A.B. asks: 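Below are the structure tokens for one structure; questions will follow.
Model, not experiment: these values are computed from the prediction.
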Amino acid sequence: MFQRTVLRAEMEDEATMPRPGGGAQRGFAAKRKVLIILALAVPLLVANYGMYGWSSLAVRKELTSTAQSVEAQAALALKAAAITTGEVADARYSQRGCFLGSVQLLQLKALSSPYVRSLNVVRNGKVTCSSVGGAVDVPAELFAPGLALRTGSIRLLQSHWFGLEAPGIAYVHMRNAQDGVISIMHERYFRDMVDLPSKDRYRSVVLRLGDQYVYGDGGMTDTPPVFINQFVSVRDSNGVQVFVEASHKLRMMYLTDSVVTWNLIAVAIGLLMALAVNFYYVRGRSFERMMRTAIANHDIVPFYQPVYHAEGALLEGVEILARWHNPGEGYIAPDVFIPYAERMGLIDSLTLSLIKQVQHDLENIIHLPVGRTVALNVPPTMFDKPEMIGALERFSGFLQQNGLRLVLEVTERQFVEQAETERISTFFEWLHRQGILISLDDFGTGYSSMGYLNRFNFDYLKIDGVFVNGIGSSTTAEGVLDTIIQMAQKLGMKTIAEKVETKEQVLYLVGRQVDCIQGYYYAKPVPVTELNQYIPIAAPIHGDATDAESPVPVPAGNAGSAA
């Protein structure tokens, strides 16, 4: 293309190019350290928080299992007692007088049930016959205080009419409102059910029967339990309910059982994340060093894409596009390295390098016809930097000495982010006084605002290729395209359609009086050594087209967005 050594000799020292300050480098290193620390700490925090929640669920699961087991035992005992009591209530001997034979039958029936201590026949609201006391005549409310005479009633009895030492649990089965059987069950069976299976794991297990509570220490009360730790409650449809409370140690048991495993996994994940973060930053720094070297050696070079008048296909000017071919990586797309250059503060150095190379090209290799334009895409953040403003002013002066004009292309997205202050309007006025034209690039792709189009004085409006691609295939895209063209014409701006690739698109745009066309239909981005063949454009836009008029494919790796 041209000798890099000659070019470098004619340019200013590369040390004068703007570079990110030491603060930016320290900020980069600090960010890397913070992210590595977070990568190590976050998995540990998440693991321990998750482990705490998991231990709570595990405790609840164990308590529920224990409560269900106790409830099942209690329900089984009550069911057995209910069957025995029901059978006695329905038997004929219980409905006769309390003779010796009746008492013996009651005794045999009580002995056959593992849970029943005594069976007591109720007639006319009184206990008249008992497997323990024989023939008696005791009102039911004295025999079992507080016990309701209805089938299924349960009552804890602290004492017994017949003087039995241990308390009992009464269960009722009534044949009718006045006649039935009261069975007295062994309280010890139910107390054994709630006796703590493991003092280390459970603080208390409480069984509710009816409206009363049985405790593992043998206590029986009408007062519901009060819990300090995590607990669960399981009940069935017969009024049996079991409460199980965890000990102070149970959660810690689960935590200590899994803390090593969970934290080892968290540390492993944290190390992998930290390595990934470090790899990302090391790769980023490697890419940054590679890009700095490329800028310093002018390996990122300007390509030129011609822009033509729509009517007559006369050259309007050229747009400068950055292209980077790295010997090790091959072609690196502009939409990869340009956003990176902006993030890392290298965009100013890159822009200055491109300006100097373009100036060298125009002085030594190519001579554009007088009156043509040279378009350069610049980020609005450069408008605040005196060294960049000075460089643009000098470049514009050089172009004007050769009969050319500089066009600054401002991407719509970047411009909107900066267009909230008066400084942009003031700066645009200064640019126009310097003879520099302004173009709004990629218009219509998401941030469009009639307000700032009317407020700021743009010379060109570039229509994004997404609307051009819709010509002939999308009425919606064509409608938006027509609206953009009419709007720009009413605002006195020249229109440039990008990415034009077919004759159909050219004819459509010419019919809408678009001013300029840029795209592969006429010319691809080319190095300066190939630019001459595109200056005297010979392909007609009206009449028959030949195969020679077809767009020339861009070489592999050259595609991408402009600088």
Side-chain angles (χ1 to χ4, degrees), residues 302-323 331 333-336 338 372-373 375 377 407 409 411-412 439-446 460-486 488 494-527 530-563:
F303 270 46
Y304 302 82
Q305 186 169 27
V307 179
Y308 296 101
H309 290 288
E311 188 67 39
L314 298 175
L315 185 68
E316 169 78 7
V318 294
E319 179 182 0
I320 301 170
L321 305 173
R323 294 294 183 264
Y331 281 100
D335 56 3
V336 172
I338 290 176
R372 304 305 185 258
T373 60
N377 199 315
V407 178
E409 292 191 359
T411 301
E412 182 184 359
S439 174
L440 182 60
D441 196 9
D442 296 336
F443 182 79
T445 54
Y460 291 93
L461 186 146
K462 298 191 74 172
I463 303 170
D464 191 80
V466 67
F467 301 108
V468 175
N469 290 337
I471 293 175
S473 61
S474 171
T475 55
T476 300
E478 289 180 354
V480 175
L481 176 59
D482 291 346
T483 301
I484 294 174
I485 295 171
Q486 294 170 12
K494 284 188 174 183
T495 51
I496 302 176
E498 296 184 292
K499 301 176 184 177
V500 179
E501 299 181 353
T502 67
K503 179 180 178 181
E504 179 185 9
Q505 293 170 351
V506 173
L507 295 176
Y508 184 94
L509 296 168
V510 170
R512 268 64 176 179
Q513 297 181 336
V514 170
D515 295 288
C516 300
I517 291 176
Q518 179 179 0
Y520 286 3
Y521 183 79
Y522 286 132
K524 62 180 181 178
V526 294
E530 300 178 19
L531 183 58
N532 266 327
Q533 61 182 305
Y534 292 100
I535 293 178
I537 184 67
I541 61 170
H542 301 297
D544 295 331
T546 65
D547 292 340
E549 298 169 37
S550 302
V552 181
V554 68
N558 280 6
S561 59

A.B. asks: Taking the side chain as every heavy atom from C-beta outward, state whether Ile496 and Leu461 have any atom pair closer than 4.5 Å.
C.D. replies: no
A.B. asks: Which value, rounded to the nearest 0.5 Å, describes the distance between Thr476 atom OG1 and Phe467 atom CZ?
C.D. replies: 11.0 Å
A.B. asks: Quick check: do Phe303 and Pro334 have side-chain heavy atoms less than 4.5 Å from each other?
C.D. replies: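 No, side chains not in contact.
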A.B. asks: For side-chain contact (heavy atoms from CB on, under 4.5 Å), just list the numbers for Val307 and Thr373, CA-CA rounded to whole Å, side-chain angles, deciding distance to a tenth of an Å, and then say yes or no.
C.D. replies: CA-CA 9 Å; Val307 179; Thr373 60; over 6 Å; no
A.B. asks: Side-chain contact test, heavy atoms from C-beta onward, threshold under 4.5 Å: evaluate it for Leu321 versus Arg323 and give yes or no.
C.D. replies: yes
A.B. asks: Scan residues 465-479 for pairs that pass salt bridge (Lys or Arg N to Asp or Glu O under 4.0 Å), counting only residues two or more places apart or in two chains.
C.D. replies: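 Sorted result for residues 465-479: empty, none.
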A.B. asks: Name all residues meeting the side-chain hydrogen bond (donor to acceptor under 3.5 Å, both in side chains) criterion together with Thr495; count only those two or more places apart in sequence or in a different chain, and write none if there are none.
C.D. replies: Asp515
A.B. asks: Partners of Lys499 by side chain to side chain contact (heavy atoms under 4.5 Å, CB included), sequence neighbours excluded?
C.D. replies: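 Partners of Lys499 under the side chain to side chain contact (heavy atoms under 4.5 Å, CB included) test: none.
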A.B. asks: Taking atom OH of Tyr521 and atom NZ of Lys503, what is their separation to the nearest 0.5 Å?
C.D. replies: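 Here the rounded value is 6.0 Å.
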A.B. asks: Does Lys462 pair with Glu319 as a salt bridge, N-O distance under 4.0 Å?
C.D. replies: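 Salt bridge flag = yes for Glu319 with Lys462.
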A.B. asks: Backbone N or O of Ala523 within a donor-acceptor pair of the Gln305 side chain at under 3.5 Å?
C.D. replies: yes
A.B. asks: Determine whether Val514 and Tyr508 make a side-chain contact, defined as any pair of heavy atoms from C-beta on separated by less than 4.5 Å.
C.D. replies: no
A.B. asks: Run the numbers on Tyr460 and Leu440 for side-chain contact (heavy atoms from CB on, under 4.5 Å), then give the verdict.
C.D. replies: CA-CA 6 Å; Tyr460 291 93; Leu440 182 60; over 6 Å; no
A.B. asks: Asn469: which residues meet the side chain to side chain contact (heavy atoms under 4.5 Å, CB included) condition with it, sequence neighbours left out?
C.D. replies: Gln505
A.B. asks: Under the side-chain contact (heavy atoms from CB on, under 4.5 Å) test against Arg372, which residue among Ile535, Leu315, Val318 passes?
C.D. replies: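 Looking at Ile535, Leu315, Val318, the match for Arg372 under the side-chain contact (heavy atoms from CB on, under 4.5 Å) is Leu315.
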A.B. asks: Just how far is it from atom CG of Leu509 to atom CD1 of Ile463, taken to the nearest 0.5 Å?
C.D. replies: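 Reported value, rounded in 0.5 Å steps: 7.0 Å.
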A.B. asks: Nearest 0.5 Å, please: how far is SG in Cys516 from NE2 in His309?
C.D. replies: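 Output value for this atom pair is 5.5 Å.
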A.B. asks: Kindly write out the residues that satisfy salt bridge (charged side-chain N to carboxylate O under 4.0 Å, His left out) with Arg512, not counting sequence neighbours, or none if the list is empty.
C.D. replies: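 Salt bridge (charged side-chain N to carboxylate O under 4.0 Å, His left out) check on Arg512 returns Asp482.
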A.B. asks: For Glu530 and Pro527, indicate whether the former's side chain and the latter's backbone hold a donor-acceptor pair under 3.5 Å.
C.D. replies: no
A.B. asks: With rounding to the nearest 0.5 angstrom, report the CG to CG distance, Asp441 to Asn377.
C.D. replies: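 Taking CG in Asp441 and CG in Asn377, the distance rounds to 5.5 Å.
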A.B. asks: Under the rule for side chain to side chain contact (heavy atoms under 4.5 Å, CB included), what residues qualify as partners of Thr483, not counting sequence neighbours?
C.D. replies: none
A.B. asks: Roughly how far, to the nearest 0.5 Å, is CD of Gln518 from CD of Glu498?
C.D. replies: 5.5 Å
A.B. asks: Compare every heavy atom of Tyr308 with every heavy atom of Tyr534, then report the nearest pair and how far apart it is.
C.D. replies: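 Here Tyr534 and Tyr308 meet closest at O-OH, 2.6 Å.
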